[in-house]
Each structure stands twice: as C-alpha cells, then as structure tokens.
Amino acid sequence: MDEGESSSTNNPSRPWESYNTVFTNAKAGMEGVDKEKVQRVVYEMSKGSKYFQNEERKEALMKQKIEHMRDRCAKLSSSDLSNYQKVVDRRILELEATRDLSRVWLHVDMDAFYAAVETLSNPSLKGKPMAVGGLSMISTANYEARKFGVRAAMPGFIARKLCPDLIFVPVDFPKYTHYSDLTRNVFKNYDPNFIAGSLDEAYLDITEVCRERGLSGGEVSIAEELRSSVHSETGGLTCSAGVAANRLLAKVCSDINKPNGQFVLQNDRSTVMTFISSLPIRKIGGIGKVTEHILKDALEIKTCGDMVLKGSLLYALFTQSSAGSNFFLSVGLGLGKTDTPEVRSRKSISSERTFAATGDERLLYSKLAEIAEMLSHDMKKEGLTARTLTLKLKTASFEIRSRAVSLQRYTCSSEDILKHATKLLKAELPVSIRLIGLRMSQFNEEARHSDPSQGTITKFIVQKGSSRKNLDDNDSFDLDASKNCLGNDEMLSLSYASHETSYDQLKDVVEYEEQSVTPEQECKKEEERPQVLEGDALLRKHKESKSETSAQNTEAVSVFPQMEPLLWVNGYKCNLCGIELPPSFVEERQEHSDFHLAQRLQNEESGPSSSTTPPSKRRILGKEKANSKPKKQKPNQKDGSKHIPIHTFFTKSNQNSDERRNPEEMKMALPPPRLNLSPSSSLGEPRSLPSMSDILTSSKARNLDLKIQTLGPFFRVTGKNADTGSEVGRAEGVVRPWFGRGLVLHLDTIRLTKETMVMDKSLLGVGLYVGAVAIRHGYDCGCRTAQLLAIYDSDLYHSKLVRFYRRIGFEEVKEVSGSSIGDMADMLVWGGVGTRMDANIHHLLVKWSKVFLKSVS
DNA sequence: GCGGATCAC
DNA sequence: TATGGTGATCCGC
C-alpha cells in the first residue's frame, strides 16, 4: 500500500522530516499531494510554538516507550519465545474456532460529510477548495482542498498557507444532523438495528437482505443500491461502502475505494487471510499513531500478518487483555465482531472549552462556571444524574491534567457541579490554562431513562425536579458557595472525608494558612471539613442557616468569594500584596495577616460580615482546628526536648505551630526579620534574582510539585511528580551559624529517587529545583553561604555526585577524609567522609536566574 | 477509584 | 496571533 513515513531519519538540513504530523499519512484524496511541501509548511508554521514543543515532548515520550519495548524485547530468551509460541499456537486455534463467515456486514461512510452538506446547501462552493471549520481548527475539507494537503484536524491558519484560496465555512451541526437523519432513513431499510458510529457513518448487518436477494454476489448490488439511494434521498450526497464478514473488515473496506466507491471482500477464509496479511496495521480501527510506532519501530510489525508471525513477541510483551495481544492476534487473523448490536448507553457526559490561555483566577472561575452550567444543562436534557466529577485542564503548554472526585449523592445541578469543580480547580492554581472541561460519570442507572426520545416517567421526574430546583435556587434552597460558605453540604463533607487523596491535595495547598486564619478561611475550612465545627464557627453556622430561608439571596449568583482569603501562594507569597514571607516567619506572617484584616475592616466598616473575631481569638481558633485532626497532645510547651532526630519533626502535620518549636534554636538560627524581604516579584529589588515564587511557578510548568517545610532552623524541601504525586527528590538541612561566617545554609545531600535517576536530564532538573528552593530559603533567612558534603560511598557514585553539584554551582572546598583533626569536626557535623563543597548563595541565584525567570515571562 | 494516554470521528 | 469537542477504553496505581 503506502510507503511508511520516513521513520525518524534525523536529517539536520531537512528538519521538517522529523516532525511527524498526522497530516501526511495517506488518507483518501491525498494521492498526488506534494507531501514534502505539506510537511515543510506545517513544520514552518508550527515550530517554536507551545503546541510544537508539546508535540516534541510527546514524541520524546513515545521514543522512550519504544526504547523500553526494545529493551524488553532484547531480554527475551529463545526458550521464552518458544514457550510463548506454544501459547500463541493454541490461542490461534481457539480464535480460529470462533471465526464466523456467516454474516455480511456493510460499513457505510459519507464522503467529506460536513463539506458535502455545505456544498449542497450552497452550490456556489462546488468545485472550489473549501473547509468546514475556522482558522484554529478544520473539521473537514472537501476533495478540492485535499489536493493541497488540507485535512481534517488541521488548524485553519496552516490550511490557508497550503491553499490560499481556501474557503472557510463555519460548522453547523443542526444541518449535519438533518442530513444524517436522511441517510439513516435509508440505512433502516437495510438493517433496522444498524449501528450509527457517528453522524456520517454506520454499520449495517445486511445478512438477511443478502439472503432474500439470493445467491452470492448480491452484496455488490446491495451496496450500489444503498449508495444510490443515499444519494437521491439526500439530494446529492455521496458515500462509500465496504462489505465483509465482520465489522472490523467492513470498516477497512469502506476506505478502499473512497470517495463514492465500494469494496466487497469475499466471505471465505483464504480471501480474508490474503487481504488482512498485507494490510498495514494503521488501517485497523484502534491502532493509532502511537501503537503503530511501537509495533513498527520496536517489533518490526508493519502488517496485520506480521502480528500473527510475531505473535509470541506480542504475547510476551503485552498484557493478554483485549487491547493487548489477544486483540492483535485476532486482527492478524482477520477476525472481528459479527454479533448483533448491543445498545450501549453512554457512560459519561462532558463539556469543555478552549480559550486564550490565562492564569487569571477570576477569569478561570468564570469559565468554570459557564462550563458547569453547560454540562448541567446537557445532563438535564438527557435526564442524567451522576456522582463522579472530573475536571480536565489543558495548560498553556498543552499538558493535559485531570482531577476527579466522587460524590456521595447523584446530581446534575450546576451548583453542585460548580462547587466541587471549584475546589478541584483551586487546588491546581496558580497555573496558566487554555482549556477547562468537566465530565460527569457513574450515572444513576435507576433514574436513567432508556430512550431519550420517548420521555419516561423517570425522565419527567428528574426534569421536574431539576427545574424546580432552579427556581428554588433563586429563593432560598440551594445556596451558592459565594454567598454562604457553609452551604448545604453534607454531601461534601462525606465526600471529602471518604476520599483522602482529594482532601490531601486541598490541604496541601492551604498548608500554611493555619497560622493566620481569616474569617473567610474559617469559612472555607468549614466547607472542607464541617465536622470539626465548634465554638464561634458553630454559632455562625447556626445564624447563617437561619438566614438561608430569608430572602437575602436575590443577587445574581457568583462563584467568587466576596473577599479574597489570605493565602500564601505556593506556601510562600501573599496573594493579596505579593510579599514573600517564608513559612518559618510565623509571627511576621501573623502580623501581616492582621495588617490585611485591619485594612479590609477599614474599607468596609458598613459591611455585613463584621462578625469578625479579634485577632488573638482567631489565632487560637485556627490552632484548635488545626490540631483537632491529628488528635495529638497539646502544647506541653518546653518538654526539654534535647535531642530529637530531624525526621520526627516532619512526620507531624503542623510543624509550624508555636508549641512545637524549640524557642532557643529559633533564636539561635533565625536572623532578625528582613522586612524588605524580596518584594522581588512586585517592585524594588532588581529582577535579577529568582524569587521563591518564580522557582515554584517554574517548577509547576515542569510538572514538579515542590514544597518547603520548616521547623525552626530545620527545613525540608520535597519534590513530587505533580501527576503521580510520587516523590522524586528531597533536600533537608539547617540554617546555622558557622564559625565566624554568620549564618550558613547547611545542606544535607540532595536525594533523588531511583525513578528520577534513570533519566539523566531530569536529574539535573529535579535536583536543580529542589536545590534552588533550599538555596532561596537560605537567602531569605539571611545566609550568604551554602555548604554541603558530597558523601563518599563508592568512586563512581561520589564522582557523579560531585559533578552534579559542580554543575549546579558548588565548588569543592576540601576532602573530608578523616585524616586530619580539622576533618574530625566536619565528620562530627556531617557524619561521614566526602567532599565539602560550598557556594555563595547570591552567586547561585544569579547563575540560576535565567532558568527560573524565563519560564515565568 | 483516579489519572494519564490513546483512539476515533 | 493561532492547533477542537465528545466519548470510550485501558493500564498502572
């Protein structure tokens, strides 16, 4: 068939050749296209863009996958393979026994459907290159446009470059649905139970029709008749058809003589086997770009026949489940589904939108609200209620993230959806985002009505219920989060109580709030775990639950909290004024929080929420709440804790509470507060040094979740993979005076997990980030020098370690070998031998500034 | 149950 | 200047 795309021949003078897009694989209408030109244009228009960079990232991941597969492949012994071959042989027999050549399936696929419909309703478009879609994305292109290389899923601005005369027509789904219905009316005549794949394609079991028409060869005329009927019923739309013994083959066949053509594959085993064995794997539905590459580049499987020939490899390397070796093997044998179409009900419903990337939280919340509204609307229309909510985000760098919660109750209300979605989103901020999506799954099957067009009693009830609820919303029943943080939230508390992961994520984000709790935060916290309500909070709840029934709720609903709570962004930066205060500056933070509170109170003397408690009281309340969870022993002020290993300090969740601190150590280690502490991110200090926020923000972009915890002079930096949550690196140390040099940052060896060590590149990355947080912390504490000991275990590892630290800016000071008296002191301090390395903290930050500042801008 | 990936249209 | 929306499934935790 078609030649394989030049598989990653990296020719530096022709860089576009390695940018593999989906736009050049052979599709109908692409014959005679100057593929190299297309490739070059696409590359030129794309290179350097965020999208492009993401494609490169994905490409690298794929390569890695392929390498991994190759490695595993190379490790297989011949006896392994011959064992697997026995399994495969048996499996082939089993599969062969299921072969069913008694059915006749027809797959029909409309030609350039949207474009054809548009041409039908506007004949002046006939013969001209045209695409349905916009400058950002094309849904379908007609065949005139395809001659230029314009294709579905290609961004419009690239298409226009390829074909300057291209006419763009906006999508019009109602119109396509109308024409789709016309085609389906035809399909019904041949198979009343046909399976509609999408608006423009369907599978028909035409076995009975064939039988009625008698004899063989009937398929050809049936397909012709059907296509001609579609043509006349729709007023001129053409389609292509494939006929074969099963759906998988029929689908492949319909593509063979596209457009306006058909292909019939005889229903006998040898014809099928001949056909399938030379078929490129990519033609099979379910085998996409990635699978194709893995099979081709790692296992040299190019055709479906190869899947059988290399069956033992596939069985050794893939899981035996449906998507794995079993699937491949059955494909290789030309098997496919022949059964009667089971009516599959949907399993999820979703809504998502792309917009200009932004990090503006208000904007993001308002987008979120719109999407929640759309989703809720769709659910009500379909009569669905569900209990799992998934938030989908696409970052400005095109990374896709999803976060889910399962609720205790089924819902379809936009308020419920938004409330939980807001929490999920909040936990991700700050981040720059270009797409937000919401999906609901885990439907309430009992409430689901079987036929949407019918309208059953359950549907009626659900819709009634939901619409009545909408009315209620405007009166009193369902309070919006912005109006009343307490809301009606039993479900919420249960939900988060039973899903610790979600709760933990939330908790992490507000980790350092607990020292300085504003009324809004109390409110927020109550929302997270209302079960710990006590004292004032309980009173407030009582009061507000009463007012729920009053008519105070007449304003338009809004998702925004009326006042921004005081948050330490990244645990470090005040979200109100941008000043950075390390978590260890407990009193300063309290003061700072009080300052904002006072300011706020001044600004709104007449405000309704003046039920604020005095600062001292708030502080106590905050602590009680904080402590009530781990249920640990209370203050016990100075318990003479002389020698507690550093690790034990970090196992508690509230290291920052005053009670746990050793006041003496604090005094010793902490410098006097520098209140001009790096307003670097706002004004003041020249923008030469990366602030803590710069570092943390930059690390987020690299999918790294960094945290710093402090306990008096001790600190710990942890780096987690933001996706998996697994720890990839950490650094611990202490800020201490050092023989006449003032304060130094004493860094224990930075530790990286094995997982991280595997990839040398990211080793530097993760190590750098973890180190940078520690260094910046030292800077904030007034240290001028950072010092560490590259521990000596083995030659190889030690030299690697020294090289690593040198690369990030440390210099060797001396070898601590235990051979001198001076070494003894060091050995006592560090507990081992190795290479002492120092760095000037300011120099380090200057040196690193490019790394951390560029990704922010 | 959750999150990332892959796939199809 | 600029690369979609909806739904499904699978794998590995």
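Chain identifiers are assigned alphabetically (A, B, ...) following the order of the sequence lines, protein sequences preceding nucleic acid strands; residue numbering begins at 1 within each chain. Below, each value reflects all heavy atoms present in this structure, side chains not excepted, and no hydrogens, waters or symmetry copies.
- For the residue pair A/Gln262 and A/Arg227, a side-chain donor N or O sits within less than 3.5 Å of a side-chain acceptor on the partner.
- In this structure, A/Ile371 reaches neither bases nor backbone, as no heavy-atom distance under 4.0 Å exists between it and the strands shown.
- Nucleic acid contact for A/Lys161: none, since no nucleic acid atom lies under 4.0 Å from a heavy atom of the residue.
- Note on A/Ile287: only backbone sugar-phosphate atoms sit closer than 4.0 angstrom, heavy atoms only; bases stay farther off.
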query: What's the verdict on side-chain contact (heavy atoms from CB on, under 4.5 Å) for A/Phe318 and A/Leu313, showing C-alpha distance, side-chain angles and the deciding distance?
result: CA-CA 8 Å; A/Phe318 289 88; A/Leu313 265 185; over 6 Å; no
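- Residue A/Ser139 is classed as having no contact, given no heavy-atom separation below 4.0 Å to the nucleic acid.
- Residue-to-nucleotide proximity on DNA chain C shows that, of A/Met154 and A/Ser348, the 5′-proximal contact is made by A/Met154.
- Residues A/Glu352 and A/Lys392 are paired through a salt bridge, judged by an N-O separation under 4.0 Å between the basic side chain and the carboxylate.
- Nucleic acid contact for A/Arg353: sugar-phosphate only, since backbone atoms but no base atoms lie under 4.0 Å from a heavy atom of the residue.
- In this structure, A/Leu199 reaches neither bases nor backbone, as no heavy-atom distance under 4.0 Å exists between it and the strands shown.
- Residue A/Thr388 is classed as a sugar-phosphate contact, given heavy-atom separations below 4.0 Å to backbone atoms only.
- Using the six-membered ring where Trp is involved, A/His107 and A/Tyr203 have ring planes that are tilted, between 30° and 60° apart.
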